[in-house]
Amino acid sequence: MEQLNLIYLIMAVLLFASVLASRLSARLGMPLLLAFLGVGMLAGEEGIGGIAFDNFVGASLVSQLALAIILLDGGLRTQYATFRIALKPAAILASWGVLASVGLLGIFTTLFLGIDWKLGLLMAAIVGSTDAAAVFSLLRNSGVRLNPRIQATLELESGVNDPMAILLVSILISLITQPENTTLTTASIMLLKQLGLGLVLGILGGKILAWLLARIRLAEGMYALMIASGGVALFALTNMTGGSGFLAVYLAGVLIGNARNASTEHVLTVMDGLAWLAQATMFLVLGLLVTPSHLLDKAWVALAIASFLILVARPVAVYTSIKWFKYRRAEIAYISWVGLRGAVPVTLAIMPMMMGVENARFLFDIAFAVVILSLLIQGTTIPYFAKKSGMTLPPQPEPLETRELWLADKLSVTMQAFRVEENSEAVNSHPYAMTRDARFSDCRLFVLVRDNQTIKVDFTTQMQVNDIAWYTLPEIHGSAFARQFADDSDSLNEQQFYGEFEVNPNVKLSDLAFMYGVQAAEEDREKSLADLFSERFGGIPVAGDRIYLDNFCLTVKVLNEQGKIQSVGLKMPKIEE
């Protein structure tokens, strides 16, 4: 019992230290995942903790379970609109993009290290795919508002590219250990099983879980446990049948997250906690597993491989994958840069260790060092490069808090809170004056809070700075409604980004030429702005999409609930003095 309690104490202290270290990591602008890794390494055999841990099977078990939870949580937060925006480019990145990265890096690794080509390709396959845990965590906590198309592409790619990486690693291990049993036919069958069963079982499992959630009555805290246990069961079952458990659990999460009902009201908050616990535990265990001195011995080798991957292999793979989809050069460059490596490469690097591949420890140490370099170099610069390459949109006013009250299985009321800021339209205004816009006709004041106390609202009431007003209104209108409570000085940033004028998307280019002097090609003059954006961006425009006409800049500003353009910003060309 003393030994058992000692294990509990050690694990709890390490997790507690990881959470505290995450605050320091955030202040230093470093990825939180590095904090968890760092605590694990400090507690390891060469750190101050001196814990000797070399159980690769146990580490693989923890890592795969944690990744399943993380992918499930990522799927729960992925809207169907994300697939509509970026499914095709993300699918090509997850297939051809991985193949191209592995091929180029495999050639480089083989020549650079002077090793057998199969081992060189295996090294490349281990680090060839982006990591969902790293991408979801860093993009959603970067503090910048990314272009929706770029974020959707990166998140979908990381969510669905694991089957290709696992397939390549499995084939290459088989080619090294059992070359007589590895053929093109067996590889093709393995690929079809991975993708086919992962897709079919993921959709089927997601629909079953969503159906059960809508019909079974449980205690509030039990719904998240039902989703988590069902997701892990689906992950294991898919793997046992030869499919991709990672793909299946991600797709199941997408289906559950988009089938909103009263049962899922508190699920996201609980699943967010489970996902953070999974990430912390996984990187903590992986940090314990690694030997820092081995990483230092191979630092220059890892730096050369990471540099080629980041600066050559990944950009070429991205360019050849998505150049056909109307992405600008800056967008391709940014997608190339956010090729984050994380827990997946380390988990894949454990497979050769378990299969008895020669020089497997060498591959593991290199892969681990490449992950650390990727998180340090790419992970810490995501916000900086997003701003420098023009991938960000101006900060959008948002509700202070959102809560959903379910009145029936498919009937809910959304309550949103808004803080009154200085120099805002809401200052000295009556709370009901905020609802005068026709878009907010269904909006109702719920309560007005001042100095932590509710106040009675009558016809003389005027809102003051730092008041918090709760309204019932559709969630889709939250950002637009929040503009009335935001500091007016923030609108200057929007004007600099979108332009001085706001134009109706149904205006024809000929009318735009008459009003502002915008010159357009003769064949485009009778087209509306909405039609022009639809043609240029494959029928799926998003906020921030831009078209330049005769030095005028047209930018999509607002879309409605159906994804149609609602307003376009017009920036005039600068007049030289």
Side-chain angles (χ1 to χ4, degrees), residues 52-68 98-99 101-103 105-106 109-110 113-129 131 161-195 197-198 235-248 282 285-291 294-295 298 301-302 305 341-371:
F53 180 77
D54 60 353
N55 188 340
F56 284 89
V57 175
S60 179
L61 176 66
V62 170
S63 298
Q64 294 206 38
L65 177 61
L67 284 170
V98 175
L99 284 172
S101 293
V102 171
L105 185 62
T109 303
T110 300
L113 298 178
I115 58 178
D116 181 74
W117 65 270
K118 293 188 287 293
L119 204 60
L121 281 175
L122 179 57
M123 176 75 256
I126 287 171
V127 297
S129 67
D131 181 69
N161 68 1
D162 292 328
M164 182 60 71
I166 294 171
L167 172 74
L168 292 175
V169 170
S170 300
I171 290 173
L172 287 163
I173 289 176
S174 179
L175 196 61
I176 293 171
T177 58
Q178 299 176 325
E180 67 282 357
N181 296 328
T182 307
T183 64
L184 182 60
T185 301
T186 58
S188 301
I189 292 173
M190 190 183 299
L191 175 61
L192 290 174
K193 287 183 69 177
Q194 283 273 311
L195 296 178
L197 289 174
F235 170 76
L237 178 64
T238 307
N239 284 335
M240 289 171 65
T241 58
S244 170
F246 291 125
L247 178 60
M282 174 175 61
V285 169
L286 293 177
L288 284 170
L289 188 66
V290 73
T291 305
H294 292 180
L295 301 186
K298 302 172 180 66
V301 174
I305 291 174
R341 270 63 191 172
V344 170
V346 179
T347 304
L348 293 178
I350 294 175
M351 290 174 62
M353 299 280 292
M354 296 169 61
M355 299 297 291
V357 175
E358 189 177 357
N359 294 319
R361 183 72 202 208
F362 173 78
L363 297 178
F364 175 82
D365 291 336
I366 294 294
F368 208 110
V370 169
V371 166

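Since this is a predicted model, take the numbers as computed values, not measurements. Values below: every heavy atom of this structure, side chains too, minus hydrogens, waters and symmetry copies.
Expressed to the nearest 0.5 Å, how far CG of Leu195 lies from OG of Ser244 amounts to 7.5 Å. Summarising the geometry, atom CG belonging to Asn359 is positioned 10.5 Å from atom CG belonging to Leu122; distances are rounded to the nearest 0.5 Å. Residue Leu113 holds its CG atom at 6.0 Å from OG1 of Thr109, rounded to the nearest 0.5 Å. Expressed to the nearest 0.5 Å, how far CE of Met190 lies from OG of Ser174 amounts to 6.5 Å. Expressed to the nearest 0.5 Å, how far NZ of Lys193 lies from OG1 of Thr238 amounts to 12.0 Å. Between the CD1 atom in Ile366 and the CD1 atom in Ile305 there is a gap of 5.0 Å [rounded to 0.5 Å].
Pairing each heavy atom of Ala124 with each of Gly106, the nearest pair is CB-N, 3.4 Å. Taking both residues in full, the closest heavy atoms of Ile126 and Ala367 are given as CG2-CB, 3.8 Å, listed atom of the first, atom of the second, then distance. The shortest heavy-atom contact between Val98 and Leu168 is CG1-CD1, 4.0 Å. Annotation for Leu289 and Ala59: closest pair CD2-CB, 3.7 Å, computed over non-hydrogen atoms. Taking each heavy atom of Trp117 and Leu175 in turn, the nearest pair found is CH2-CD2, 3.7 Å. The shortest non-hydrogen separation linking Met282 to Ser63 is SD-O, 3.7 Å.
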* To do: Give the intermediate values and the outcome of side-chain contact (heavy atoms from CB on, under 4.5 Å) for residues Phe246 and Ile166.
  => CA-CA 10 Å; Phe246 291 125; Ile166 294 171; 3.4 Å; yes
* Taking it one step at a time, do His294 and Phe364 satisfy side-chain contact (heavy atoms from CB on, under 4.5 Å)? -> CA-CA 10 Å; His294 292 180; Phe364 175 82; over 6 Å; no
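Side-chain contact between Val62 and Leu286 is absent, with no heavy-atom pair separated by less than 4.5 Å. The closest side-chain heavy-atom distance from Met123 to Phe362 is not below 4.5 Å.
Judged by distance alone, with hydrogens and angles left aside, the side-chain atoms of Asn161 form no donor-acceptor pair with the main-chain N or O of Ser129 at under 3.5 Å.
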Side-chain donor-acceptor contacts of residues 341-355 below 3.5 Å, not counting sequence neighbours, with atom names and distances?
unit_1	atom_1	unit_2	atom_2	d
Arg341	NE	Val127	O	2.8
Arg341	NH1	Gly339	O	2.4
Arg341	NH2	Val127	O	3.3
Arg341	NH2	Gly128	O	3.0
Thr347	OG1	Ala343	O	2.9

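Here salt bridge (Lys or Arg N to Asp or Glu O under 4.0 Å) pairs that include residues 115-125, with residues two or more places apart or in two chains, are Asp116-Lys118. Contacts classified as salt bridge (Lys or Arg N to Asp or Glu O under 4.0 Å) and involving residues 342-361 (residues at least two apart or in different chains) are given here: Arg361-Asp365.
The side chain to side chain contact (heavy atoms under 4.5 Å, CB included) test with Leu172 is passed by exactly one of Leu167, Leu121, Thr177: Leu121.
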